[in-house]
Amino acid sequence: MTEGEIFGLLGPNGAGKTTTVGMLTTRVLPTSGQILVAGVDVVAEPARVKQAIGVVSQSNTLDRSLDVRENLYYHGRYFGLGRRAASSAADAELRRFRLADRASADVTALSGGMAQRLMVARSILHRPRVLFLDEPTAGLDPQSRLALWDILGELHREGQTILLTTHYMEEADQLADRVAIMDHGRLLALDAPAALKRSVGADTVVKVTADGDLAALAGHLATLPGARSAHVVDSTVQVHVAGATGALPRVIAHAEGGGFTVTDLSMTEPTLETVFISLTGKDLRE
Amino acid sequence: MTSPGTMSGEGTPATPTSGELGPPRSGAAFVALLLRDLTVLRKFTGTFVLRTVMQPLLFVFVFTYVFPKIGQGVGDPGGTTDFSSLLVPGVVAIACFFQGIQAVTLPLVTEIGYTREIEDRVMAPLPVWALAVEKVVSGALQGIVAAAVVFPLAVFIPATSVHLDVNWPLLLTATPLAALTGASLGLTIGTKVQPSQVALMFSIIVIPITFLGASYYPWARLAAIPWLKWAVLANPLVYMSEAFRAALAPQFPHMALPAIYAGMVAFTVALTLVGIQGFRRRVLS
């Protein structure tokens, strides 16, 4: 990772994203190999690594015995801030994350979005070198998700280095400077989102809904001149085509030439999901 | 004054934005975690006192107030025994022990087993073993507070007079050790026992320990039942009770002081090591 970037780790559930973050943040011991965070070995010197990182894990790990402000204050104390410094840092984060009016509330009384904001506020309070967020928007309503994206964008502009895991391709696409695509514990691709999309070699994705054997249709459409690949995804066939002009009539003609009846057709630009499909042959939600 | 909504200024940055990472401030983190536990204890003072006081209060009330009043004897068949005085160290030992276990085990069960909020505490910049030791020290502090809360009850409630002869050096050294012994057992139970089994553990481990912990009788008097006298040496509470008895009521027989200290130190070290190993297994994968 480069300093100041948002690095996205994209993959379906079970791809190994959380395990990867766990290893980077000293909580999961790697079975082999060496991991350095800011030049420090996570296995040999976990405490030194922990001093330099901030972590927002998937589950709510707020201290339920403390109120909202105390969660921030004691976090500051854990990381070596004095009483005064921790106090003013807690107040500053409360204002910044619009939680000031909830300062003395019980953390169990917070909504999901507010709890998540507090976790992010807490994780950056000690100014970590690297901030790790594991599926930060999973389970959030769309509004809270957008609010969190705004916050992460703001932190990014301030130069915060962020590693983010997600299985929402829009999230990786929107936020990340570079994205690593993972599946089954393996790294499949790593590049800027735009470069990943270009790497598919197609500039158009045609979604075909048709009657009959979709797998056979996919096989047939893959032979269309200009088609890079075709996959069955969510009971449609997605054809990755180079050259948008005239793509739709060509797809229909080719499908019908093969004896298939097309019932619906739509055209989109390639997304990170397209990249994932072309790498694994399956869709992110599977 | 920094304007709200900016990152700069307020608070010393814990880490520079670039360059070599400094050493972790593990000592500060350890102290801060203790402060956090004391804050929580202060917040829940009411429940803490109720939890600590109820059992010894009833015990002292029934055995040293009600029994003498209604003429029902307890203890020495001769009836001359000073049971009230004998009970003070025992009740204090149990309070210290029980609180030490509860203060460590119950939060651990919730934080590890249900809320997973331990993951956050684990991210504090100190080694995982030090976090486990912090739990023990915090539990021991609460055990000491519990002992101090229960002590006046045991002294002032009995209907018959209580004779104590306080050996301060002994009391001041034995109390923290006794509290650590109880809290280290709490760490072992809290990390080695599945959360769903903890209630059961209280019944099959903690309750027998309290009844067979030489709290209500001096260990030496178990000479009448030799197998029991030797068997209870595996019970850490025996050394705690004997320590408080030696420190508060030396008119009763007690185990030799070196044996008392050795027992408490050995149990504390062994149970803390086992507990650290269990803790690492539960929070790291």
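These numbers come from a predicted model, not from an experiment. All chains are named by letter (A, B, ...) in the order of the sequence lines, taking the proteins before the strands, and each is independently numbered beginning at 1.
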* **Proximal component of B:Ser26, with respect to chain A [non-hydrogen, under 4.5 Å]** => side chain

* To do: Would you indicate whether A:Gln143, at its atom CD, is surrounded by more than 12 heavy atoms from other residues, nucleotides or ligands within a distance under 6.0 Å?
  => no

* Test item: B:Glu111 and A:Asp63 side chains (from C-beta on) under 4.5 Å apart, heavy atoms -> no

* Evaluate the side-chain proximity of A:Arg77 to B:Arg36: yes if any heavy-atom separation is below 4.5 Å, no if none is. => no

* Structure fact -> Of all heavy-atom pairs linking B:Ala32 and A:Tyr74, the shortest is O-CD2, 4.0 Å

* To do: Hey, could you give me the CZ/CG distance between A:Arg83 and B:Leu35, rounded to the nearest 0.5 Å?
  => 8.5 Å

* **Engaged part of A:Val55 at the chain B interface, taking heavy atoms whose separation is under 4.5 Å** => side chain

* Given a strict heavy-atom distance threshold of 4.5 Å, which part of A:Arg64 is in contact with chain B: side chain, backbone, both, or neither? -> both

* Pairwise distance CG(A:Leu29) to CZ(B:Arg280) - rounded to 0.5 angstrom -> 6.5 Å

* With a cut-off of 6.0 Å (strictly less than), are more than 12 heavy atoms of other residues, nucleotides or ligands near CZ of A:Arg102? -> no

* Taking A:Lys50 for the side chain and B:Pro24 for the main chain, is one N or O donor matched with an acceptor at less than 3.5 Å? -> no

* Asked: chain B heavy atoms under 4.5 Å from A:Val37: which part of the residue, side chain, backbone, both or neither?
  -> backbone

* chain B contacts, top residue of A:Met119, A:Glu70, A:His75, A:Met23 (heavy-atom pairs, under 4.5 Å) -> A:Glu70

* Please examine the side chains of B:Glu119 and A:Ser59, heavy atoms only from C-beta on, and report whether any two atoms are closer than 4.5 Å. => yes

* To do: Go through the atoms of B:Val283 and report whether side chain, backbone, both or neither lie under 4.5 Å from a heavy atom of chain A.
  => backbone

* Structure fact -> Ordered numerically, the heavy-atom neighbours of chain A under 4.5 Å found in residues 126-144 of chain B are B:Leu126, B:Pro127, B:Val128

* Structure fact -> Heavy-atom nearest pair, B:Asp120 first then A:Thr61, reads CB-O, 3.4 Å

* Supply the atom-to-atom distance B:Met123 CE to A:His126 NE2, rounded to the nearest 0.5 angstrom. => 8.0 Å

* Close side-chain approach of B:Glu117 and A:Leu62, heavy atoms under 4.5 Å -> no

* Report the option among B:Pro125, B:Pro23, B:Gly27 that has the most heavy-atom pairs separated by less than 4.5 Å from atoms of chain A. => B:Pro125

* Structure fact -> Output for pair (B:Thr115 OG1, A:Asn60 CG), nearest 0.5 Å, gives 8.5 Å

* Check each atom of B:Phe44 against the heavy atoms of chain A and say whether the ones under 4.5 Å are side chain, backbone, both or neither. => side chain

